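Residues take their numbers from the sequence shown, with the count starting at 1. The structure displayed is predicted, hence computed values, not measured ones. In each ligand, atom 1 is the first atom listed, and ligand 1 is the first ligand listed.
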Amino acid sequence: MWSGFPLFPEQASTMAGRVDALYIALLCVTAFFSVLIACLVVGFAIRYRRRSPDEIGTPIHGNLTLEVVWTLVPLAIVFVVFLWGAEIFFSMARVPPQAMEVYVVGKRWMWKAQHMSGQREINELHVPVGIPVKLTLTSEDVIHSFYVPAFRIKKDAVPGRYATLWFQATRPGRYHLFCAEYCGTKHSGMIGWVEVMEPAAFQSWLTGGGSGSLAAEGQKIFQSLGCVSCHRADAQGRGPRLEGLFGRPVILASGEQVVADADYIRESIVTPAAKVVSGYQPVMPTYQGLVSEEGLMQLIAYIQSLEEPAARGVPIAAAPAGAAAPAGARQP
Ligand code: CUA
């Protein structure tokens, strides 16, 4: 009856073994105390049973040693579980810097993935084995949840914001991808596959596409929407220049400093008035509804690709005009 019923999904990522170890440890602690308490209940019931109708129990007025022990022992166990869990949580939350990036959009009822090279796929995700992969995740409509049991990863795809998660597959193969958040009639059909390939096979799969890279697609949108008329490379435009912006701190009109990550750029496109760069007027119209979620990701990839060789690490300053980097900061 139980043949073919997997008690555990297979382990196919670097995180899987660690998550399972914690899970099994929790299971063992729970089982140990369940059995212990059940045995004590039965044992005490027999040992301290009423032997005659007029028997009166000994009054007990507390036992300090006992109370200290049954407070400290669970506290120690809970601390171990907390530290262990936190350690795994932090490694899941910290994306390795050399990770390969893929953009994923959830939509009723499918998963759409875009690779940086321009390859696009639906309900499939091809990744190389042994290389960390970072997913930037959002939704076009309602909340979905990206869940790959074999990798022990799950993250909600929430409309209007980006979530990131990462994994490193350890074995080539095909692994189930599920939507783990009820999202409508065909929620149960919102499934796909993660195809883990040998790096060489993955490279040849990547080059099999033919469409332009994600950044090149983003550039097309950038030009067709006329973004370039304000965001000029010579810093003479009405909007801040975007070269070298990605991942760097930006000073806002409010004096606040934020990092120009994917979320910031997305927000600046759909609700430009939310965060205005210091020294600029809030003149940019909203592009909400004019660019699809996939288009936004392409635009972000384009802005990410706009490298500036000079002045790395210097905040985008308030000077809108002629904000040339100091000569000393320029690299050969
Ligand atoms: Cu998408 Cu459930």
Side-chain angles (χ1 to χ4, degrees), residues 4-13 15-16 19-20 23 88-89 92-93 95 99-116 118-127 132-169 173-197 205 209 211 214 217 261-263 265-267 269-271 287-301:
F5 181 84
L7 207 53
F8 278 89
E10 52 188 320
Q11 301 179 336
S13 80
M15 215 53 80
V19 172
D20 287 359
Y23 180 81
I88 296 177
F89 175 82
M92 279 179 160
V95 184
M100 186 191 106
E101 288 200 53
V102 182
Y103 285 94
V104 177
V105 178
K107 181 195 171 182
R108 283 183 290 179
W109 287 275
M110 64 180 83
W111 293 106
K112 298 187 285 188
Q114 302 187 95
H115 294 261
M116 293 308 266
Q119 274 279 20
R120 301 165 74 163
E121 42 189 341
I122 287 178
N123 288 341
E124 294 257 339
L125 177 63
H126 287 72
V127 293
V133 177
K134 173 190 173 189
L135 303 183
T136 301
L137 199 61
T138 193
S139 165
E140 220 171 279
D141 36 44
V142 298
I143 301 177
H144 303 278
S145 187
F146 188 95
Y147 179 36
V148 184
F151 296 168
R152 309 291 189 276
I153 54 161
K154 179 159 74 175
K155 193 98 180 185
D156 281 6
V158 181
R161 71 165 71 157
Y162 290 135
T164 53
L165 80 165
W166 78 277
F167 59 87
Q168 180 172 333
R174 263 167 89 75
Y175 304 100
H176 253 306
L177 158 64
F178 294 107
C179 176
E181 181 71 52
Y182 182 68
C183 55
T185 324
K186 291 188 191 143
H187 156 71
S188 60
M190 192 168 163
I191 50 182
W193 293 94
V194 179
E195 180 101 38
V196 178
M197 310 169 90
W205 176 85
S211 58
L214 210 55
E217 293 299 314
D261 56 7
D263 257 316
I265 290 169
R266 185 188 183 284
E267 184 183 39
I269 299 169
V270 295
T271 42
Y287 285 84
Q288 184 132 40
L290 294 175
V291 193
S292 69
E293 285 299 335
E294 284 165 298
L296 288 169
M297 287 172 161
Q298 290 165 351
L299 278 172
I300 290 166

Distance from Gln168 atom CD to Ser13 atom OG, nearest 0.5 Å?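 If I round to the nearest 0.5 Å, the distance is 9.0 Å.
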
Please work out the angle at atom 2 (Cu) of ligand 1 defined by atom ND1 of His187 on one side and atom SG of Cys179 on the other, rounded to 10°.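 Taking atom 2 (Cu) of ligand 1 as the apex, I get 120° for this pair.
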
N/O/S from Ser145 sitting under 2.8 Å away from atom 1 (Cu) of ligand 1: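 Looking at Ser145, which is the residue asked about, there is no N, O or S atom under 2.8 Å from atom 1 (Cu) of ligand 1.
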
Among the N, O or S atoms of Glu181, which one sits nearest to atom 2 (Cu) of ligand 1?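 It is O, the N, O or S atom of Glu181 closest to atom 2 (Cu) of ligand 1.
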
Considering all heavy atoms of both residues, which atom of Leu296 and which atom of Val291 are nearest to each other, and what is their separation?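 Looking at all heavy atoms of both residues, the closest pair is N-CG1, 3.5 Å.
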
Using atom types as modelled and distance alone, determine if a side-chain donor or acceptor of Asn123 lies under 3.5 Å from a backbone N or O of Trp111.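 Such a contact is found between Asn123 side chain and Trp111 backbone.
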
For atom 2 (Cu) of ligand 1, does an N/O/S atom of Cys183 lie at less than 2.8 Å?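 Here the distance criterion (N, O or S atom, under 2.8 Å) is met by Cys183, so yes.
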
For Phe167, the option from Phe151, Tyr147, Tyr175 that meets ring pair (Phe, Tyr, Trp, His ring centres under 6.0 Å):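 Filter result, single survivor: Phe151.
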
Which residue, Glu293, Gln114, Glu217, forms the side chain to side chain donor-acceptor pair (under 3.5 Å) with Gln298?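 Per the side chain to side chain donor-acceptor pair (under 3.5 Å) rule, the option paired with Gln298 is Gln114, out of Glu293, Gln114, Glu217.
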
Give the name of the N/O/S atom in His144 that lies closest to atom 1 (Cu) of ligand 1.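 It is ND1, the N, O or S atom of His144 closest to atom 1 (Cu) of ligand 1.
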
